[in-house]
Number of protein chains: 2
Amino acid sequence: MSHTLGIRQAQKQKTRQALLDAALGLLEEQSLSSLGLREVTRAVGVAPTAFYRHFRSTADLGVALVEEALGSLHPMIRTTVSTTGDHEERITRTIELIARHVDGYPAHVRFIARERHGGVQPVREAIRGQLARFAQEVKEELAEDPVSEGWSEDDLLMLAHLYVDQMLITASLFLEALEGPEEEREERTRQVARVATRQMRLIGLGRHHWLD
Amino acid sequence: MSHTLGIRQAQKQKTRQALLDAALGLLEEQSLSSLGLREVTRAVGVAPTAFYRHFRSTADLGVALVEEALGSLHPMIRTTVSTTGDHEERITRTIELIARHVDGYPAHVRFIARERHGGVQPVREAIRGQLARFAQEVKEELAEDPVSEGWSEDDLLMLAHLYVDQMLITASLFLEALEGPEEEREERTRQVARVATRQMRLIGLGRHHWLD
DNA sequence: AATTCCAGAGAACAGTTGTTAACTGCATGG
DNA sequence: CCATGCAGTTAACAACTGTTCTCTGGAATT
């Protein structure tokens, strides 16, 4: 299915990616709703009108960014939450995965956190859709766990949502630690990991006693 | 301390409030970072330059909005989370309070959810400060509860943060239900309340077994 | 080899933005 | 009652915005 595309299409995708990258960079200090199309093209070094060859509007670009930021994350989620290893170990593994991801893609994480409740409706909906998929996947993994015996589908989904939201909050806290002054960074990161671990542990406890 | 202020000061506060109200309205479909000062003054019906008599910038106005949206909420939090009534009853009371607040002040709730991770740093910090106060207050109320005996200060605070974040998520979900099509509104609201109640219940369960 | 296609450039448009300066009229304090 | 203070006005500025139309050079197709 990977038919090596011609010089023409390759160049197009290259500028498209350059637009996405530039936008993501500019969004570090503003929201999508204030991002101008000219601003983006200027940062890339192409004419303003070139923008229309790739996106209908900045909102459209935002939706593409959601896909880039969350689309490739699904397999990672499944393997991480999957039923291997002791319960406590699964928690530390998850927290570490989040920390590593925030470290590797801080701009993507910030974008999602910022635009999840942001001022651009289509983008909000795109994020909501992706997060719903995450919750669904987490739910399916939870169902595999023997601890979930006797749980209703509804309760599994409500727990999955709790986990997903918790992971997002943790990611955003890691990001804040990362953005702070360098001399506090390490300590704050450790602190976030410590608190998040305990919160996950507490939720896990509630889970084990749910059917009492 | 309520020294009836003169005609002059009264009129000033009136336009200031008009600016805040207009801004809040305009922020229903955009983020603060794209809110223009002229846009706000136009909505109020005053000259653009009048804006400067009240705020240095739209960011400054945003900080004032944070104060308006969260400042008056502290006493409400304390009494709601306080140690009166059975545990289950406390949960339904809290959820209902949130639902009622979102119903009464949807624009304020949206503003906080949107700008908590938004593109304007001073506003983000103002919100973070207020939420930290909330967590501190919830922690103090939790400490009163006999269930919290033997808990470390750190653990009380991590639980308080969990509760505060959970309340915010719930508020934002109520808001989404409110914004949806009218015929789904009632059903979706009930659904949100149902899920949020169970999540709170599960966290409460984890809390009771924390020291096992 | 000739033709079509199309990503990007260039110029121009009407409308918007934040900020400045100098002003006006009215409530206030002496 | 008169002088001061100050909320809000008016006018003007350079800079910026999204969008349209026309054009061009080179890859893609025939």
Side-chain angles (χ1 to χ4, degrees), chain A residues 2-23 25-65 115 118-123, chain B residues 2-65 118-123:
Chain A
S2 86
H3 176 269
T4 17
L5 60 187
I7 298 178
R8 181 138 204 165
Q9 301 263 340
Q11 180 55 35
K12 178 169 184 181
Q13 292 227 1
K14 207 168 150 189
T15 40
R16 188 190 132 100
Q17 190 57 49
L19 288 169
L20 288 169
D21 293 348
L26 291 165
L27 285 172
E28 287 188 18
E29 29 204 337
Q30 63 182 314
S31 306
L32 182 64
S33 83
S34 67
L35 183 70
L37 131 193
R38 290 184 106 105
E39 202 179 346
V40 179
T41 56
R42 194 186 314 130
V44 173
V46 299
T49 48
F51 186 91
Y52 292 107
R53 298 285 176 194
H54 303 274
F55 308 103
R56 226 180 288 274
S57 62
T58 51
D60 198 20
L61 178 146
V63 173
L65 275 179
E115 300 303 330
V120 183
Q121 206 215 22
V123 173
Chain B
S2 85
H3 175 272
T4 12
L5 58 188
I7 298 178
R8 183 137 203 166
Q9 301 260 341
Q11 180 56 35
K12 177 168 184 181
Q13 292 228 359
K14 208 168 150 189
T15 43
R16 187 190 132 101
Q17 191 58 48
L19 288 169
L20 288 169
D21 293 348
L24 205 55
L26 291 165
L27 285 172
E28 287 188 18
E29 29 203 336
Q30 63 182 313
S31 306
L32 183 63
S33 83
S34 66
L35 183 71
L37 131 192
R38 290 184 105 105
E39 202 178 346
V40 179
T41 56
R42 194 186 314 129
V44 173
V46 301
T49 48
F51 187 91
Y52 293 109
R53 298 284 176 197
H54 303 275
F55 308 102
R56 225 180 291 272
S57 62
T58 52
D60 197 21
L61 177 146
V63 173
L65 275 179
V120 183
Q121 206 216 22
V123 172

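Just so it is clear: chains get the letters A, B, ... in the order the sequence lines come, proteins before strands, and each one is counted from 1. All figures in this text were calculated on a predicted structure; none of them were measured in a lab.
- We find that NZ of A:Lys12 is positioned 21 Å from P of D:dG25, with the value rounded to whole Å.
- To the nearest angstrom, P of D:dG18 lies 14 Å from CG of A:Asp60.
- Of the candidate nucleotides C:dG8, D:dA7, C:dT20, C:dT20 has the atom lying nearest to any side-chain atom of B:Tyr52.
- When the P atom of C:dG8 is taken as reference, atom CZ of A:Phe55 falls 11 Å away, rounded to whole Å.
- Within a 6.0 Å radius of CD in A:Glu29, other residues, nucleotides and ligands contribute 12 heavy atoms or fewer.
- The NZ atom of B:Lys14 sits 13 Å away from the P atom of C:dA27 (whole-angstrom rounding).
- To the nearest 0.5 Å, atoms CG (B:Leu27) and CG (B:Leu35) are separated by 5.0 Å.
- B:Ser57 comes within 4.0 angstrom of no nucleic acid atom, judged by non-hydrogen atoms across all strands.
- Between B:Leu37 and A:Ala50, the residue anchored nearer the 5' end of DNA chain C, judged by the nucleotide with its closest heavy atom, is A:Ala50.
- In this structure, B:Gln9 and B:Pro48 both approach DNA chain D, and ranking their closest nucleotides by distance from the 5' end singles out B:Gln9.
- In this structure, CD of B:Gln11 is placed 10 Å from P of D:dT9, rounded to the nearest angstrom.
- Closest approach of A:Ala59 to A:Val120, counting heavy atoms only: CB-CG1, 3.7 Å.
- Judged by closest nucleotide on DNA chain C, A:Ala47 is the one of A:Ala47 and A:Arg38 placed further toward the 5' end.
- Rounded to an integer number of Å, the gap from CG of B:Leu35 to P of C:dT16 is 16 Å.
- Across all strands shown, B:Arg56 has no heavy atoms under 4.0 Å from either base or sugar-phosphate atoms.
- Each of C:dT28, C:dT17, D:dA7 was ranked by its minimum atom distance to the side chain of B:Ile7; first place goes to C:dT28.
- For the pair B:Arg53 CZ and C:dT20 P, the interatomic distance rounds to 13 Å; values are reported in whole Å.
- For D:dC6, its base sits under 3.5 Å from the side chain of B:Arg8 at one donor and acceptor pair at least.
- For B:Arg16, no side-chain nitrogen or oxygen approaches OP1 or OP2 of D:dA7 to under 4.0 Å.
- Distance CZ (A:Phe51) to P (C:dG8): 13 Å, rounded to an integer number of Å.
- Side-chain N/O atoms of B:Thr49 and base N/O atoms of D:dT10 include a donor-acceptor pair closer than 3.5 Å.
- Residue-environment remark: CD (B:Gln17) exceeds the threshold of 12 foreign heavy atoms within 6.0 Å.
- Side chains of B:Phe55 and B:Val63 form no contact here, defined as non-hydrogen atoms less than 4.5 Å apart.
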